[in-house]
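Here is the structure we will look at, set down as structure tokens.
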Amino acid sequence: MHISFAGTTLHKLFVEKNEYVEREYENYIRVNSEGSKRKRLMEWLFLMRVNLAYLILNRNSKKHPLNNEVRGKLPYLDGPESESYIRPREIHFAHSLLKYDVVSFDVFDTLVLRPFAKPSDLFIVVGNRLGILDFADIRINAEKRAREIAKVKKGNTEVTIYDIYEQVRRKTGIDIQYGVETELNTELDFCLANPYMKHVWRIVRNQEKRIIVTSDMYLTGDMIKKILDKCGYFGYENVYVSCDWDCSKREGGLYKAIKHDIGKGCSIVHVGDNQVVDKDSAIKNGIESRLYLNCHELGNKYRPDDMSALVGSFYSGIVNIHLHNGLNTFDPYYEYGFIYGGLYVVGFCSWIHEKAIEKGVKKILFLSRDGYIYQKVFDLFFDDVPSEYVYWSRIANIKYAIETQRNNFLKNIAEYKATGVVPVTYEEVLASVSLSGLVTKLKEYGIRYQSILTPQNIKRFEDFLIDNWGYILEEYNRQSEKAKDYFEGIVSGCDVVAAVDVGWRGTGPLGIKYLIEDKWKFDCTVEALVAGSLTVERAANVNEIMNGKLEAYMFSRTTNTDLLDNHLKTNKNTNCIYFELFSQAQAPSFSGWDSEGEMLFDIPEVENYEMINKIHDGIMDFASRYKDFSDKDTYLRMISGRDAYIPFSMIIRNLTYIKKYFKGFSFARNISGSINEQSIETIEEIMIKTGI
Amino acid sequence: MESYNLYHVLSTYHLLFSAEYSRLKHKEERNILLVSNTLLVPVPNILKLKDYFSEIVVFNYFFPRDRVDDISACSREYFDDIFCKARLDIRDAKEIYVCNPSDYFGVYLASNKIPFTFVEDAAGLVSNPTLLQLVHDNYPVKKYYCSYYNLYDATNSIIKGVIGNKNAQLYDVPHLEHFDVVHAFELLDENDQQSIRSVFGVNNCIESEVDAVILTEHLANQDLMSYEEQMNIYQIMKDFFLAKSRIGIKPHPNDLCYYEELFPDQMVIRMKFPSEILPSVFSIKPRLIATITSTGIKNIGDVFEDKLILGLDYRNHYISTLRYYVALCIIASISNECEYEELGTVAELVPNLRKYGDIPIGSQLKTQERIIIIDSVDEDERNGVFEIIETVKEDDVIVFINGNERFCFYDYDRKEIWDDIIPVTINKSQLRNEDFYSDTETETIYFYTKSSGIRRDIEMYSLEKNLEYTGMKVTVYENSEQEQRIKVLEGLLAATEKRLLYYIEKENANKDQQ
């Protein structure tokens, strides 16, 4: 015989007395009772252990040994996160309800989802709308106080939102009605019909089952109806809300009321997300139950904890409700874009827009190939600043801004190639940068053109290039006329433009700045913007960062240096590769113009295109969800560079996922690879060679 | 113990068969129904069959199968217990009629070597067991046992006889006992007919007039596609094949789609009866019966004036319907040719679209050219495509549907083909948010002809069509020469990339093999 623990005095004493204990205990039951019989003894032992930790040793949630915040969370690494828990398909879930006469649905986290990791984080937005500092805390404490008063006055803790705002008014002086309406409107703006449960609801309704809605909530029945209307839930018979009925599901009173109301002889099944409230208590009161695990509880264990409160919760909420609602599972590449790249691209685009407005930018130039996805997301969010996708690359930059790039040129052409993992001949190196005319001169320096460039002969090759610098300048200046024509058309009519690239030294945007402002002297200034500024050398571009010629979103040598260190020093300096997976394009790299003025491209890495396409789909889906939810509260788009980087920092804590899914991704690790050989490395090869 | 006849039943079709067969063949005998509990929801009046069966034994279809690798042991344990509780001895059964033996009860009988009569699961399945095997792809253990005991094709030696509709078979099945449930229904007296109808909740005839009836299937329920895909396939079916018809939708008893909301102005027949009694349900018989792959149409198709069967291939490639539709519209605008040649196309899609698809009437301009429609061919059949391209005459037209987007008509050494290609871009836009289950990515089909005049006609072609039930607007725009040039370049680039990818994948596969 099963005797339910919920609702008993012992439950109140050992579970409900402390919110952390309650949360831990409910989580434990969820995780451990699913699909099998519950192990009561183990549950009790666990409960005693958490009571010891929280109540007796007085530990708070952060210090608790079971809490991931201390250990450092890892994302789900075994596959797509949406497959970490497989729900029954909606049609099968619905089918299991059809043998009952009446189907009862819980509201929040069942029929209706909200994009916040914790429900109470919505109060932060309410606080912004009301313009009250520290409102979220005031609101939480007001509810607590209202429930205490109710307990004294009427013997139970059921309160309405009006009771809560009575307490809010005491602390803030705001009008109760105004506060209530603001909170309700915020709920309405952020609530979303659970697409899985919407199908279930419609199936049940069309099979002519009676539907009721049952919630333990301070919002009144009429308010709940407004939320259901907004989410498109129609055809229900009645809404039972604890605050209207003065009794709750948790205590069982509301279930009893429903049974009485529905009448004898009708079988009832209740669907909800809370083990104790929606399952144990329902069963105890003679109502069958189907548990729909809470999306946030399935997802939160994989979300970072070190983001700022609001953006962190909003980001986690969006990811959780999309991946874990049960309607679909997703591809690992899609998820890479959605979970780890989406927030960064949205944040970067919002930051670009902010800079553009601040500096009077007339057009944003998104440089190929990274700029492809940036431009798509930027255009999704903003229509007040025009944008254009501009063909450019590091190799084009070196060629056409050669006057300022001597050191960079020598590094890329000599040093990087000599130390790169792909062996390259002198002839190939020169051909790759359109300097085949110099091949015949190699002999004068005692260099055989078919020899491999190695670290031992860098110096001699550098000397060769420096001695022929005049020829190199002349050759590239001749070609740069084509670049000039191209850019003249692009910046025509703009007195300020912004050139945008992912990073890292900023040579792309700075090169365009140099060409437009100094070399070609167009009547136009260029703002150079990058997602991150990263150089191995301590002071490589620190001047440009400090004098404002180059601005970085996430980190540089002067801001968020801990993130920069993390990016640079973990995973043997390969993190840029994994980061740039977000901003690849399904097109070959641009390498300049030929003598006929035709654009030149490298051989396309077509084997990557399907992966890139899926990553982009993930990023775009995240962006469109972020946009929709933040349309009325656009300040949510002010995502700090730190917050934007943190999801990525999760996935590089352990490279299992990247190794598993991206090992075949081809990557030109250094620029100006051999055109003849085109022996591009795969991520797997890079990992092996770097010993990861 | 008194001997009895046992009828094992999993679906409404089985129920109908068992009621008819027991009445017509074993009327005065003791008949016992062994019915799955999954039928109790769609047929709550099942107990009314007491007139036909002296006992009705309900078994739990989801009985514990804890030893997943040995379902024969689990089945033996479970059904032995069922018979024990019902105080029946299986050895007393004179005849055991097993509707759909390729299931747990079939495994039970076969593993115990208990002889029985095989009753086909649905019309025509004795000669086409592949359909059932496909459904069982999602249940590999069950599939293994059913194959092991030869339960799909009825070749197990303990099977005493096979009953099915011989008119629905793909070939003459030897020793098949013919039984046509539609005909059998007519042989019953009026009282029996009415009592069977009432078991299925059909107490009155349907008065509402419809032109066509769609027999749906529970595709999502069987995990053959997702729930949203299933809704999408019926939206597309209505929009492309039955656009002007007022339709009645007869959901399969296990189909849980909410057709009332997808087709609010059409009729949904919610009574859960087997489609075989459909002809007797309407006051005014509809003209057309339509389905994707429902086997029910094999029993009742000929009762209607016309029947539309889209087929298994269509079920797998329905998403290409729009490409075919646009291709046929453009062909109709440039030609009156009646015979089209096809290669690698979705089976029966072209003739079905031409017959039911509201394709505009062809122009009067040309009549004699060859029209060839090519979709997706295997890599080793591509030479056939190249031969066709090389042999076409000036006014011939080839349409490349390119459903699998592998550009079977192109290779690096055949760049010149692009001189005579006209890409046609199909634009899609979403008309509503609710119940929209398609995608809005543009699609491209490619026309090839050496005639510059025909190419120009194709370039100038424009189309606008609202797919009301799919919730999508489809547009094909007329293109300027410059736009056309860009589209050709984009097509060439896409084709080059796809071919390159194919060779990379092939090389990698070879490497892996080595």
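Note that these values count all heavy atoms, side chains included, but never hydrogens, waters or copies made by symmetry. Worth saying up front: this structure is predicted, and the values here are computed from it rather than measured. Letters A, B, ... mirror the listed sequences (proteins, then strands); counts begin at 1.
Taking CG of B:Leu256 as the start and CD1 of A:Ile91 as the end, the distance is 4.5 Å to the nearest 0.5 Å.
Few gaps surround CG on B:Asp265; more than 12 heavy atoms of other groups in view lie less than 6.0 Å from it.
Here B:Phe200 pairs with nothing under the ring pair (Phe, Tyr, Trp, His ring centres under 6.0 Å) rule; sequence neighbours left out. In terms of the salt bridge (charged side-chain N to carboxylate O under 4.0 Å, His left out) criterion, B:Lys487 has no residue partners (sequence neighbours excluded).
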Using a plain distance cut of 3.5 Å, could you tabulate donor-acceptor pairs between chain B and chain A?
residue	atom	partner	partner atom	Å
B:Asp223	OD1	A:Arg89	NH1	2.8
B:Asp223	OD1	A:His92	NE2	3.3
B:Met225	O	A:Arg89	NH2	2.7
B:Glu228	OE2	A:His199	NE2	2.7
B:Tyr258	OH	A:His199	ND1	2.5
B:Tyr258	OH	A:Arg202	NH1	3.3
B:Glu261	OE1	A:Arg202	NE	2.6
B:Glu261	OE1	A:Arg202	NH2	2.7
B:Glu261	OE1	A:Arg205	NH2	2.9
B:Glu261	OE2	A:Arg205	NE	3.4
B:Glu261	OE2	A:Arg205	NH2	2.0
B:Glu261	OE2	A:Asn206	ND2	2.7
B:Lys272	NZ	A:Gln207	OE1	2.7
B:Glu434	OE2	A:Lys198	NZ	3.4
B:Asp435	OD1	A:Arg202	NH1	2.8
B:Asp435	OD1	A:Arg202	NH2	3.2
B:Asp435	OD2	A:Arg202	NH2	2.6

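Among residues at least two apart or in separate chains, there is no salt bridge (Lys or Arg N to Asp or Glu O under 4.0 Å) pair with a member in residues 35-48 of chain B.
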